[in-house]
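First the structure, in the form of structure tokens, and then the observations on it.
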Amino acid sequence: MKEIPKAYDPKAVEDGIYQNWEESGYFNPDNLKLPKNADYFSISMPPPNVTGVLHLGHALENAIMDTAIRFQRLLGKRAVIIPGTDHAAVATQARVEKNLIKEGIKDPRQQLGREKLLEKIREYSENSKATILKQIKKMGTSCDWSRLAYTFDEPRSNAVNKVFIKMYNDGLIYRGYRVVNWSVKGQSTCSDDELVYVERQAKLYTFKYSKDFPFAIATTRPETKLGDTAVAVNPKDKKYKKFIGQTFSVDLGHGQQEIKVVAEDSVDPKFGTGALGVTPAHSMIDFEIAQKNNLPVIKVIGEDGKMTKEAGKDYVGLTVEAAREKFVAWLKDNDLFIGEEDIKQNVGTSDRFGDVIEVIPMTQWWVNVNKEIPGRGKTLKDLMREAVTTGHDGDENQIIKITPNHFLNLYLQWIDNLRDWCISRQIWWGHRIPVWYKNKGKDNEEVFAGLEAPRGNWEQDPDTLDTWFSSGLWTFSTLGWPENIDDKGNKTGDLKKFHPTTWMQMGYELLFFWMARMILMTTYILNEIPFKSVYIHGILRDKDGKKFSKSLGNGIDPIEISKQYGTDALRLSLISGMSAGNDARFYEEKVEGARNFVNKLWNISRYILSSVSEITLIDEKPKAQTIADEWILAKLDNVIAEATTDLKSFNFSSAADTLREFTRSDFADWYLEISKLQAQSSKLKENTDRILLYVLGKLLILWHPFIPFVTEEIWTNFGCKELLLVQKWSEVVDLDIEQKEENDKNIFYPFWKFEEVVMTIRNLRADFKVDPAKKVAVSIVGKNLAKIKFDEQKDSIIFLARLDKLEVEKTKPKNSVSHVLEGVGEICLHLEGLVDLKKEKERIESEIKSVEGYIKSLEQKLKNKDFAKKAPKEVVEKEEFKLKEQKEKMEKLEEQLKSLR
RNA sequence: GGGCAAUUAGCUCAGCUGGUUAGAGCGUACGAUUCACAUUCGUAAGGUCACUGGUUCAAUUCCAGUAUUGCCCACCA
């Protein structure tokens, strides 16, 4: 007998187990004892931002990744997760600045200066990084810490610079004066994807540029009209057609302004007046119209969010709101104002700083997605499309498989709308743009892109790169690019082993931010896809379906949950109910359920390990001596097959369900109970022990990917040299159809009927309020009981249903209540004292009613000639069998009813 | 405006390529303190599978439409 605690205590063992795993070195696939030709399975961990602590979303990702990688490791692959963290440029700087402002430093950038502020951010991010890495370990994630990376460390920075320079030399990165999304609060640009659209009320003003201007325009931003250089109308719009091409000179109170009427298909003739005032400097669309028509760009709003000199002396220095008011007043004074109406409007806000974005023309760095890549005959956009459609360069083996597939459309649609990517940011925390300038005069500037400044008086660009620029390189920058490319351009080392990575998981919110950029960068730089397959999951929501957020205060700290319920319970509750592409709800009751299950597994093991004569690992399938033995062994094979299929196709939740059902219901509730009876027999005891140990061993391996700690802890009892972590997953050879049918007939059907008999008796006992502890007698009236191997299972029925007598009889005994069980017969429970005839009659009558209905529907189906003709033979036979069964049941029920009269 | 998804028991969700008088967990009701486990065990109640059509011998499952919800994109200047 072995002493095992009554309840599983995760706190006492988790840290030690993780340490053992780490020390074993097996997280690094190079240390796995595998045949030389073993396959690789690699995952790049989406690097968490170093902006704080691990949140529930991270916990979910870790659970998913680690379940996948542990399964692959058990399958005998060289499995690796490359871990890392992300410096998260804007997000981190914004967070630190916010903290500093709270501490009383009103304007951190001004007051501290670049170096000091960077120091603060570095300090914060290092702290946060250490915390997060520790927390990832707490989640049990088996990543290869020897390959840990950080987007902002030396090798990754080096990769960033190299990629930038290559793109620059290929003409794919350019510096240009274009309109950008500008956050006044953050004093930085942001990309189109970093905008969050918010609906708000706005006023749509209608006015004329001047009294003799032939028509009016409508706008929600009158103050920007000071910078208008054109009016766009739809060329199909008859009202305005004749004006196209004409130029009018108007005076909006700050000097003469040329307004040209241009044609533009996208203008909606029905909106407003059907004429669009074109403000090239402060609208993306207008800027594009201006470029097409060669119109001048007048910047009337500056980086400080205030009106510029070009807006005129009456407006310079005013906020946009003040300028709007003033300009509308001016229009009214000058009789140009026509009217205003309330409308709903979507405005873009900065996802990090939260303020409304101004569109402003500036000189920034851009990635040109529509330019042909030298020597490749296609654009970056083409590459991004190919990777998910025809395959990279038309190679079918290089198609990224997206699960679920419907995200493909979303991705393609996004690419269609993709504009050049603005990659320069005016914040300080990030990879500084590797470009130097000489003679920093406006007109005569020499530009150099390289790792270091050339000799002489050169000055580096002050801007930094969009954080997604470095994230885009993640799958290969973490694998030693560019060092791991040899002279001939071939991959070597880790890059050769692990790239393209095998599998990637991410939340759908990262589809554009990250996935698209990884595809862009990787296909361009390495000429291959970043990952072969990507699994998209949803986000976690609270019990009411709301997103977890700080402002709602509904946040759940995964570390707290882990402390309270154990990491295994956390992981299992995260995985179950999660399906590809869909959001899942998360709440504490779910964790509780998972915790209970983990404890159940613990107790199953506790029972087995303390009741067997000798604890040894049984690897070979034991022989079966009883129906129950046959059944549990066959059932286990089925479960292994199912779980394997599910895990191979990344249906984690479904695999866990299958295992849970088997463990709880089949193994614990049925086999374990029967084994107690079998253990009483000296003939069966030894073999039953072997079966228990065998099933338990397999079960631990099956469960290990999901709940690694508890399984590993139980495993130690077997006294094996090797950790459970690196055991062998047993794949089951598929049975052929004949064998399957044999199994069904000889093993599953008899056992299933056995279960039904036991449940029927229990049901009758409960129904007639028989004392649960009392032993009772049962008679079975039935023929062909050999078919369900009754004799062999008789003792088990007696044991599980708490009987003192079980007989087969010809007729229903007096003083008994019964239930008709298809395929068996009447199960009659003897009662003490008289049977309540009225109640019994009612029971039978209601049963007859339901069977009648069933028979009717079956008969109807079978009478239908088309059904007999067109339905497959098996289906017809099945229905006929059902009908026969039900009719037999009916006969018995009617007999019973008769006997009651 | 364009697109995508979802709609099954009080709640959270399964139900794969059409044939089960629809399944689980939680919750609820009743019962049990038997030596693996009260983080337990047994039993039960509870659903016209959102709606309307169509295809089919057969539709929760396929198709179309409607409604509701959620999401993405474009954007109204």
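In what follows, every chain begins at residue 1, and chains take the letters A, B, ... in the order their sequences are listed.
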Donor on one side chain, acceptor on other, A:Gln201 and A:Gln345, under 3.5 Å: no

Most 5' of A:Ile608 and A:Gly593 on RNA chain B, judged by nearest nucleotide: A:Gly593

Sugar-phosphate only, base, or nothing, as touched by A:Glu592 at under 4.0 Å among non-hydrogen atoms: nothing

Touch class at under 4.0 angstrom, heavy-atom based, for A:Asp669 against every strand present: sugar-phosphate

Touch class at under 4.0 angstrom, heavy-atom based, for A:Gln413 against every strand present: base

Sugar-phosphate only, base, or nothing, as touched by A:Ile285 at under 4.0 Å among non-hydrogen atoms: sugar-phosphate

Sugar-phosphate only, base, or nothing, as touched by A:Pro404 at under 4.0 Å among non-hydrogen atoms: nothing

Integer angstrom distance from the P of B:A6 to that of B:G46: 30 Å

A:Trp703/A:Phe597 under ring-ring contact (aromatic ring centres under 6.0 Å, His included): CA gap, chis, key distance, verdict: CA-CA 12 Å; A:Trp703 271 117; A:Phe597 176 77; 4.9 Å; yes

Distance, C1' atom - from B:G3 to B:U43, rounded to whole angstrom: 50 Å

Which residue lies more 5' along RNA chain B, comparing A:Lys878 with A:Lys6 via nearest heavy atoms: A:Lys878

Sugar-phosphate, base or nothing in reach of A:Glu341, heavy atoms under 4.0 Å: nothing

Donor-acceptor side-chain pairing of A:Ser579 and A:Asn582 below 3.5 angstrom: yes

Span that lies between the C1' atom of B:G27 and that of B:C11, in whole angstrom: 7 Å

Touch class at under 4.0 angstrom, heavy-atom based, for A:Ile343 against every strand present: sugar-phosphate

Sequence neighbours excluded, every pair satisfying salt bridge (charged side-chain N to carboxylate O under 4.0 Å, His left out) that has a member inside residues 574-592 of chain A: A:Arg541-A:Asp583, A:Lys543-A:Glu589

Of all pairs that satisfy salt bridge (charged side-chain N to carboxylate O under 4.0 Å, His left out), the ones with a partner from residues 657-666 of chain A, not counting sequence neighbours: A:Lys635-A:Asp666

C1' spacing across the pair B:A14 / B:G25, given as an integer number of angstrom: 10 Å

B:U55 versus B:C63 - spacing of their C1' atoms, nearest Å: 7 Å

Touch class at under 4.0 angstrom, heavy-atom based, for A:Ser857 against every strand present: nothing

C1' gap between B:U33 and B:A38, integer Å: 9 Å

Stem regions touching RNA chain B, defined by at least 3 consecutive Watson-Crick or wobble G-U pairs below 3.5 angstrom: B:1-7 with B:67-73, B:10-13 with B:23-26, B:28-32 with B:40-44, B:50-54 with B:62-66

A:Asp192 side chain to A:Asn181 side chain, donor-acceptor N/O pair below 3.5 angstrom: yes

Short side-chain donor-acceptor distance under 3.5 Å, A:Glu194 and A:Ser191: yes

Sugar-phosphate, base or nothing in reach of A:Tyr197, heavy atoms under 4.0 Å: base

Could you give the side-chain donor-acceptor pairs of residues 768-776 of chain A under 3.5 Å, partners two or more places apart or in another chain?
| residue | atom | partner | partner atom | Å |
| --- | --- | --- | --- | --- |
| A:Asp771 | OD1 | A:Ala773 | N | 3.1 |
| A:Lys774 | NZ | A:Glu832 | OE2 | 3.3 |

Distance between P atoms of B:A45 and B:G70 (Å, rounded): 36 Å

Within 45° cone of A:Phe207 ring axis and under 6.0 Å: A:Lys225 NZ or CZ: no

Could you pull out every donor-acceptor pair under 3.5 Å between side chains of residues 850-858 of chain A and any protein atom, sequence neighbours left out?
| residue | atom | partner | partner atom | Å |
| --- | --- | --- | --- | --- |
| A:Ser850 | OG | A:Glu847 | O | 3.4 |
| A:Ser857 | OG | A:Tyr854 | O | 3.0 |

Sugar-phosphate only, base, or nothing, as touched by A:Lys676 at under 4.0 Å among non-hydrogen atoms: base

Inter-nucleotide C1' distance (B:C13, B:U7), Å rounded: 13 Å

Sugar-phosphate only, base, or nothing, as touched by A:Phe512 at under 4.0 Å among non-hydrogen atoms: sugar-phosphate

Sugar-phosphate, base or nothing in reach of A:Asn417, heavy atoms under 4.0 Å: sugar-phosphate

Any side-chain donor near an acceptor of the partner, A:Asp193 and A:Trp414, under 3.5 Å: yes

Touch class at under 4.0 angstrom, heavy-atom based, for A:Asn864 against every strand present: sugar-phosphate

Chain A footprint on RNA chain B, 5' to 3' - any atom under 4.0 Å from a heavy atom: B:G2 to B:A77

Touch class at under 4.0 angstrom, heavy-atom based, for A:Ser283 against every strand present: nothing

